Structures are given as structure tokens and as C-alpha cells.
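Just so you know, ligand 1 is whichever comes first in the structure, and atom 1 is the first atom listed for that ligand. This is a predicted model, so every value here is computed, not measured.
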Amino acid sequence: MTDIERWVEATAQVTRPDRIHWCDGSRDEYDGLVRSMLADGTLIAYDQNAYPGCYLHRSNPNDVARTEQLTFICTPKKDDAGPNNNWMAPAEAKERLGRLFEGSMQGRTMYVIPYLMGPAGSAYSKVGVELTDSPYVVANMHIMTRVGRVAMEHYAKTGQFVPGLHSLGDVSPDRRFIMHFPEENLVWSIGSGYGGNALLGKKCFALRLASSMARKEGWMAEHMLIIGMEDSSGKVTYMAAAFPSASGKTNLAMLVSTLASEGYKVWTVGDDIAWMYIDNQGRLRAVNPEAGFFGVAPGTSAQTNPIAMETIRRNTIYTNVAMTGDGKPWWEGMGVEPGPGVIDWQGRPWTPGNEKAAHPNSRFTAPASQCPTISPKWEDPEGVVISAIIFGSRRSVVVPLVYQSVSWQHGVFMGSSMGAETTAAATGAVGVVRRDPMAMLPFCGYNMADYFQHWLDMGKRMKHQPLIFRVNWFRKDADGKFLWPGYGDNIRVLKWILERVQGKGKAVESVLGFLPTPDAIDTEGLKLPAGAMQTLTAVDTEGWVKGTVEMDKFYSQFGDRLPKEIREEHAGLRKRLGA
Ligand code: GTP
Ligand code: SPV
Ligand code: MN
């Protein structure tokens with residue numbers, strides 16, 4: 001008996017499913033799952049002529065986003081989880097959840113999903129096995145990961161896998177927990193069928209557990225998209241960018257360049273997670289551990305993200321979007337009129353002007369291979385060499401359009417101090433500014449003070465450090481309108497970043513770091529409001545002084561564990577600001 005078989009058997013004795021199904025990842029298996037979910041109403045078919053292979057799933061209205069307050073890191077010592085995580089002692093977590101898993105799969109099938117995170121045959125890839133009683137989760141895992149033989153072959157070579165146990169339980173928020181045991185590389189999740197709570201390969205394994213493994217093993221697991229930027233010479237330069245949830249990763253990863261006539265183009269390598277390693281030449285390399293996109297639907301349109309629109313025309317599972325009278329998916333910001341007879345995300349007839357037809361965190365699950373701009377290197381076992389790291393978030397005030405750190409250490413400070421307005425991707429208030437270091441606040445599986453130290457240490461080990469940048473597409477004017485057009489025009493900012501990587505690109509050294517001169521960003525053909533570029537490239541001293549107070553509050557939670565380099569950078573910024 002293999003370790004996997006032993007664990008499956010032991011789990012089945014607790015959860016007591018009626019049947020056990022070992023997944024092979026085949027098309028037949030997927031089609032069978034879809035048929036049974038169509039039969040019991042878990043899935044609803046869209047018009048199969050217009051949207052072949054596309055289905056709608058409506059999750060429980062109490063279960064529509066990640067639940068950070070119910071997500072725990074269970075390390076033996078509380079301080080190892082850090083102030084950035086909810087903590088429970090491993091024994092207590094096992095005890096409490098053990099009771100909830102008791103008989104939780106009765107009357108259901110337990111699916112065993114062996115899956116590979118990362119390209120086949122890559123030394124960087126890792127195997128997970130998820131046990132779940134949700135066929136919806138199985139179908140999503142089929143799209144988001146590499147399921148079946150490819151995983152078992154990798155397991156045969158390494159003998160290692162990350163176990164993840166998931167049950168819908170009774171889908172009650174009172175009995176919902178997402179528990180991580182970093183010492184054992186184990187995940188237990190119960191009571192939610194949604195996204196990052198239930199597709200255990202994604203945030204639970206590829207970020208929370210992987211970040212903890214990465215620290216021990218000397219690599220990085222980050223909430224980052226990966227792109228290749230092609231210039232007129234045909235050379236492709238790769239960049240990785242961290243933005244908080246629902247803040248523009250998928251959009252940047254699929255950007256359609258408005259500078260295509262100058263030869264600039266973006267290739268998609270990944271849209272949410274990057275695993276990064278230092279190669280034998282001292283360069284940072286990244287692979288996308290995922291095989292699909294679990295993207296935000298609202299705001300996705302032929303104008304904002306035509307590549308996503310093309311990607312999700314077939315073989316896509318939609319979750320919590322609306323359905324038009326003629327059987328097509330629809331959401332706010334799709335850029336087309338839905339016509340009469342719309343059914344909202346909860347299955348009720350919808351009247352325009354009332355509540356939203358699609359949930360703000362409604363999503364599509366689509367295979368990466370269907371993306372028209374997918375990079376020829378997206379499954380390269382060696383990954384791609386990263387030349388620039390970009391941190392971005394929603395900030396309607398204060399933060400400039402783009403600036404560059406003066407050093408790796410300063411860049412780590414920039415990422416570690418990033419403020420961000422919250423979004424609908426997690427339950428709770430939307431639009432509240434919080435510190436979200438490296439866009440990893442909900443995903444760092446250990447004490448963030450140690451995480452900052454790890455970033456500093458990684459930089460020291462690299463012979464060729466990527467340059468580090470901060471961007472903000474979300475500055476607003478006094479009337480609440482975006483100052484920067486965003487989307488395809490973000491290529492103009494990427495162009496400056498590329499120029500900086502190439503040792504060109506005009507900049508001035510400011511208190512924040514290198515800011516582009518007002519003429520350094522190519523704005524030709526843009527109709528920007530008067531003075532917009534000045535505002536977007538200026539330093540709001542008063543705003544930043546307030547910001548440093550917020551940073552101080554955040555950092556102080558970590559006490560002596562905070563690296564002294566971060567403290568020094570923070571003090572340096574305050575001094576330069578005259579605070
Ligand atoms: P997760 O999948 O939750 O990690 O999110 P993500 O970072 O991939 O976010 P995504 O690209 O899906 O963007 C979320 C929302 O931000 C969408 O509603 C977009 O329309 C909006 N958005 C993305 N890029 C821009 C931009 O450049 N400008 C503006 N104004 N909005 C943007
Ligand atoms: C995010 O919230 O950052 C996501 C979606 O990418 S989920 O998989 O639900 O975490
Ligand atoms: Mn994400």
C-alpha cells in the first residue's frame with residue numbers, strides 16, 4: 001500500500017463516504033462529472049451553440065468568497081504563525097475539525113484527486129492529493145491543475161505529496177474552517193465549496209503551505225502573475241507582479257497592448273501564483289504552478305480584457321454570474337446589454353437598477369491552454385528568468401502611477417509596506433485600506449517578519465536581482481474618476497519598466513525612489529485629463545507621512561522579529577519626508 005492509499009483508507013473510515021472514486025483526470029471523467037451535476041442541478045448549461053462546454057454553478061449565498069477570519073495556520077508555536085494569521089494549536093484544530101469530518105461524507109462520493117502543481121517533468125513541480133465530496137471541486141481541479149497520471153508519475157519519482165482533505169460538510173459558516181498544518185504539509189477544509197477555500201491546490205497549498213516550504217528550502221511562493229513582454233526586436237523580458245485579490249493580475253497578465261504598432265506585446269505565463277527559484281547562474285526563475293485561470297468575471301469585457309473574453313468562450317465553469325434570457329453568461333461591466341429575462345446569481349429574476357445580477361466576486365474557471373496569448377514558455381520545466389518584480393494595489397490617493405526602488409532592500413521595504421483597498425474577493429468590508437505586504441497578507445503561511453527576512457536573504461543570494469517597482473492603476477480625481485485609463489494602456493508603464501531594466505528610461509530620484517519624469521511615460525495618443533501625469537508622478541508628502549504612521553502600526557505588531565533592514569528603510573523614508 002502506498003502512503004496515499006493508506007491516507008485515503010484512514011480518511012474514509014472517519015468521513016464514511018458511500019463510494020470512493022480515484023480520479024484519472026481524463027476527458028471522460030470530466031464529462032461524466034458534468035453530466036451528473038447537470039442532472040442534480042449543481043450545474044446549469046448555457047446555450048451550448050454560443051458557449052460550448054460552458055456551465056453555471058450557483059454556490060450557497062453564504063459561501064461566495066474566501067473567509068479570512070475562518071482560515072488558520074496551525075503551528076505548534078503561535079508566534080510562528082505571526083500576527084498576520086489566525087492561529088490554533090494543531091491538536092485543538094485536529095480535535096475540532098475531526099468531529100466535523102466525522103461521517104461528513106455519508107451518502108456522498110469521496111473523490112481522490114492526485115494533481116501536479118507546476119509543469120510536467122519540472123524539478124520545481126509538486127504533487128498534491130485532494131480528497132473531496134464536491135464534484136464541482138473535482139471539475140474545477142481538472143481545469144486548474146494537472147490531474148491524474150502526470151501527478152502519479154511525479155509522485156513515483158519523488159515519493160512526496162501534500163494531502164488536502166475537503167468536505168462541504170453542511171456548508172454552514174458556523175462550521176466552516178480552513179486549517180493549515182505547515183509542520184505536516186497538510187490542509188483540512190470543511191464547510192465551504194468556494195474557490196480558495198475548497199480548491200486546495202490554489203491558495204492553501206500553492207501559497208500558504210508552499211510559502212512555508214519555500215522559506216525552509218530557499219525559494220519563493222508568491223501571489224504573482226507572470227508575463228513576458230516582447231519588444232520590437234522580438235526579445236521577450238519576463239516580469240512577475242503581485243497585486244492583492246481582485247486588483248488586476250488577470251487583466252495585466254492578458255494585457256492587449258495599445259503600443260502594438262511599436263512592437264510591444266504581452267505573453268501570458270500565469271495570472272495568480274508564481275513559484276520562483278534561483279538558478280545556477282544566480283538568476284531568479286519563475287514557473288506558474290497552475291493550469292487554469294480562476295478569474296473575476298465582473299468588469300471583464302471585450303474592451304477591458306478581450307483575451308479573457310476569448311479564453312472563456314468554451315469549456316468554462318462560471319460561478320455566481322447571471323444568465324441572460326437567451327441562455328448566456330452575463331455580469332456587470334461585460335460591456336453588452338443583457339436583454340430581457342435575466343436570472344441573477346441566486347437564480348431569481350433580475351430587474352436592472354436593483355441588486356447586482358452577478359456577485360461582485362463571481363468567477364470563471366478556464367484552461368490556460370485556451371488563452372490566445374499564452375506564452376510558448378508557460379509549461380517550460382525550467383521556468384522563465386524574471387527581470388522585474390512589480391508590486392501593485394488599489395490606492396485612490398497618494399501612491400504614484402509607478403516608481404522604482406533604489407535597491408533590493410528598499411524594494412522589499414516597498415512591498416512590505418504596501419497599502420491596499422480591500423475587495424470582494426474575501427468576505428468583509430470593501431474599499432478599506434489595510435497593509436497587504438507583497439499582496440500576501442491572506443496567503444503567507446508563517447510569521448510575516450520572517451517572510452520579509454526571507455525576501456532580504458533571497459536578494460543576497462541572487463547574482464542578478466530583478467529590479468523592483470511599485471505601480472498603481474487606481475488613482476482617482478476629486479470626482480472619483482480614474483486618472484489613468486488602465487488595462488491595455490498599462491503597457492505604457494511596462495514600457496518604462498522595460499526601459500529601466502535595459503538601463504534606459506528617464507527618472508528622477510525622489511524620496512520614494514526613482515520616479516519617471518513627467519515625459520518619461522509614453523502617453524502619445526492618450527487623452528488624459530489636464531495635469532493628470534503631474535498628479536500621477538508627484539510625491540504627496542503629507543499623504544506619505546500619514547502612510548508611514550500606518551506602516552509603523554503594522555510593523556510594530558512584529559516586535560523584535562521585524563528585520564532591522566525594514567526598520568531602517570522605514571526610518572529612512574520618514575527622514576526623507578521630513579517627518
Ligand atoms: P484574483 O483572481 O482575486 O487574485 O484577482 P486579480 O488580481 O487577478 O484581479 P483581476 O485582474 O481579475 O481584476 C479585478 C478587477 O479589477 C476587475 O473588475 C477589473 O476590471 C479591475 N481592473 C483590472 N485592471 C484594471 C486597471 O488597469 N484599471 C482599472 N481601473 N481597473 C482594473
Ligand atoms: C483570490 O482571492 O486572490 C483568488 C481567488 O485568486 S480564490 O481562489 O478564491 O482565492
Ligand atoms: Mn488571487
K.L.:
Do Asp63 and Asn197 come close enough that some side-chain heavy atom pair is under 4.5 Å?
P.N.:
yes

K.L.:
Can you sort out which atoms of ligand 2 are near Ala425, meaning under 4.0 Å from one of its heavy atoms?
P.N.:
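The list of qualifying atoms is 2 (O).
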
K.L.:
How close does the nearest protein non-hydrogen atom get to atom 4 (O) of ligand 1, and which residue and atom is it?
P.N.:
Lys249 NZ, 2.7 Å

K.L.:
Tell me which part of Phe293 gets within contact of ligand 2: side chain, backbone, both or neither, using heavy atoms under 4.0 Å.
P.N.:
neither

K.L.:
Quick one: which ligand 2 atoms are inside 4.0 Å of a heavy atom on Phe443?
P.N.:
3 (O)

K.L.:
Report the part of Asp272 (side chain from C-beta onward, or backbone N, CA, C, O) that has a heavy atom under 4.0 Å from ligand 1; answer both or neither where that applies.
P.N.:
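Near ligand 1, Asp272 shows its side chain, while the N, CA, C and O stay back.
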
K.L.:
May I ask you to list the atoms of ligand 1 that are less than 4.0 angstrom from any heavy atom of His223?
P.N.:
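What qualifies from ligand 1 is 4 (O).
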
K.L.:
May I ask you to list the atoms of ligand 2 that are less than 4.0 angstrom from any heavy atom of Phe294?
P.N.:
5 (C), 8 (O), 9 (O)

K.L.:
Quick one: pull up OG in Ser417 and CZ in Phe554 and give me the separation to the nearest 0.5 Å.
P.N.:
9.5 Å

K.L.:
In the structure I gave you, are the side-chain heavy atoms of Trp484 and Val493 within less than 4.5 Å of one another anywhere?
P.N.:
yes

K.L.:
Considering non-hydrogen atoms of the protein only, which is the closest contact for atom 9 (O) of ligand 1, and what is the distance?
P.N.:
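Going atom by atom, the protein heavy atom closest to atom 9 (O) of ligand 1 ends up being Gly248 N, 3.0 Å.
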
K.L.:
Once you restrict to heavy atoms under 4.0 Å, what part of Arg394 touches ligand 1? Side chain, backbone, both or neither.
P.N.:
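Looking at Arg394 and ligand 1, just side chain atoms fall under 4.0 Å.
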
K.L.:
Which of the atoms of ligand 1 are close to Pro244, meaning less than 4.0 Å from one of its heavy atoms?
P.N.:
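Near Pro244, meaning under 4.0 Å from one of its heavy atoms, ligand 1 has 7 (O).
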
K.L.:
Is there a side-chain contact between Asn361 and Val64 in this structure, where contact means two heavy atoms from C-beta onward sitting under 4.5 Å apart?
P.N.:
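They are not in side-chain contact.
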
K.L.:
Quick one: look at Phe474 and ligand 1, take heavy-atom pairs under 4.0 Å, and tell me if it's side chain, backbone, both or neither.
P.N.:
side chain

K.L.:
Could you label the plane-to-plane angle of the Phe482 and Phe474 rings as parallel, tilted or perpendicular, counting under 30° as parallel and over 60° as perpendicular?
P.N.:
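Phe482 vs Phe474 ring planes: perpendicular.
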
K.L.:
Which of the numbered atoms in ligand 1 are below 4.0 angstrom from a heavy atom of Phe482?
P.N.:
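Here the atoms of ligand 1 in question are 30 (N).
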
K.L.:
Which of these passes side-chain contact (heavy atoms from CB on, under 4.5 Å) with Ile497: Leu467, Ile390, Ile389?
P.N.:
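Result for side-chain contact (heavy atoms from CB on, under 4.5 Å) with Ile497: Ile390.
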
K.L.:
Out of the N/O/S atoms in Asp272, what is the name of the one closest to the Mn ion (ligand 3)?
P.N.:
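So the atom name we want here is OD1.
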
K.L.:
Under a 3.5 Å cutoff, is there a donor and acceptor pairing between the side chains of Asn85 and Arg208?
P.N.:
no

K.L.:
Can you check whether Trp378 reaches Cys371 side chain to side chain, under 4.5 Å on heavy atoms?
P.N.:
no

K.L.:
Would you say ligand 1 has an N or O under 3.5 Å from any N or O of Asp271?
P.N.:
no

K.L.:
Only heavy atoms of Lys202, strictly under 4.0 Å: list the atoms of ligand 2 that pass.
P.N.:
6 (O), 8 (O)

K.L.:
If you take the nearest heavy atom of each of Ala253, Ala425, Ala242, Ala246, which one is closest to atom 3 (O) of ligand 1?
P.N.:
Ala246

K.L.:
With a 4.5 Å heavy-atom cut-off, do Tyr51 and Arg314 have their side chains touching?
P.N.:
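Tyr51 does not reach Arg314 side chain to side chain.
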
K.L.:
If we check ring pair (Phe, Tyr, Trp, His ring centres under 6.0 Å) with Phe391, which of these qualifies: Phe469, Trp455, Tyr403, Phe243?
P.N.:
Trp455

K.L.:
With a 4.5 Å limit on heavy-atom distance, are the side chains of Thr373 and Val266 in contact?
P.N.:
no

K.L.:
Under 4.0 Å, counting heavy atoms only: does His223 come that close to any atom of ligand 2?
P.N.:
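Right, His223 reaches ligand 2.
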
K.L.:
Is there an N/O/S atom in Ala246 at a distance below 2.8 Å from the Mn ion (ligand 3)?
P.N.:
no

K.L.:
Starting from atom 17 (C) of ligand 1, find the nearest protein heavy-atom neighbour and note its residue, name and distance.
P.N.:
Pro298 O, 3.8 Å

K.L.:
To check your reading of the model: name the closest protein heavy atom to atom 21 (C) of ligand 1, its residue, and the distance in Å.
P.N.:
Tyr487 OH, 3.6 Å

K.L.:
I need the contact type for Asn490 against ligand 1. Using non-hydrogen atoms and a strict under-4.0 Å cut-off, is it side chain, backbone, both or neither?
P.N.:
side chain

K.L.:
When you check the gap from the basic side-chain N to the acidic O, do Asp272 and Lys203 get nearer than 4.0 Å?
P.N.:
yes

K.L.:
Can you figure out which of Gly196, Gly295, Ala439, Ala426 has its heavy atom closest to atom 8 (O) of ligand 2?
P.N.:
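It is Gly196 whose heavy atom sits nearest to atom 8 (O) of ligand 2.
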
K.L.:
Determine, considering heavy atoms only, which of Glu68, Arg66, Met144, Lys203 sits nearest to atom 4 (C) of ligand 2.
P.N.:
Lys203

K.L.:
Check Arg434 with Glu68, please: is the shortest side-chain N to carboxylate O separation under 4.0 Å?
P.N.:
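Between Arg434 and Glu68 there is a salt bridge, with a charged N closer than 4.0 Å to a carboxylate O.
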
K.L.:
Which of the numbered atoms in ligand 2 are under 4.0 angstrom from any heavy atom belonging to Asp272?
P.N.:
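Near Asp272, meaning under 4.0 Å from one of its heavy atoms, ligand 2 has 6 (O).
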
K.L.:
Can you classify the ring geometry of Trp350 versus Trp330 as parallel (below 30°), tilted (30 to 60°) or perpendicular (above 60°)?
P.N.:
tilted

K.L.:
Is a side-chain donor-acceptor pair under 3.5 Å present for Asn305 with Thr300?
P.N.:
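Not at all, the side chains of Thr300 and Asn305 share no donor-acceptor pair under 3.5 Å.
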
K.L.:
For ligand 1, which atoms have a heavy atom of Arg363 less than 4.0 angstrom away?
P.N.:
1 (P), 2 (O), 3 (O)

K.L.:
Answer with side chain, backbone, both or neither: which part of Ser247 has a heavy atom less than 4.0 angstrom from an atom of ligand 1?
P.N.:
backbone

K.L.:
Go through ligand 2 atom by atom and flag the ones less than 4.0 Å from a non-hydrogen atom of Ser245.
P.N.:
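Every atom of ligand 2 under 4.0 Å from some heavy atom of Ser245: 1 (C), 2 (O), 3 (O).
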
K.L.:
If every non-hydrogen atom of Glu290 is compared with every non-hydrogen atom of Arg146, which pair is closest and at what distance?
P.N.:
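Smallest heavy-atom distance, with atoms named: O-NH1, 3.6 Å.
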
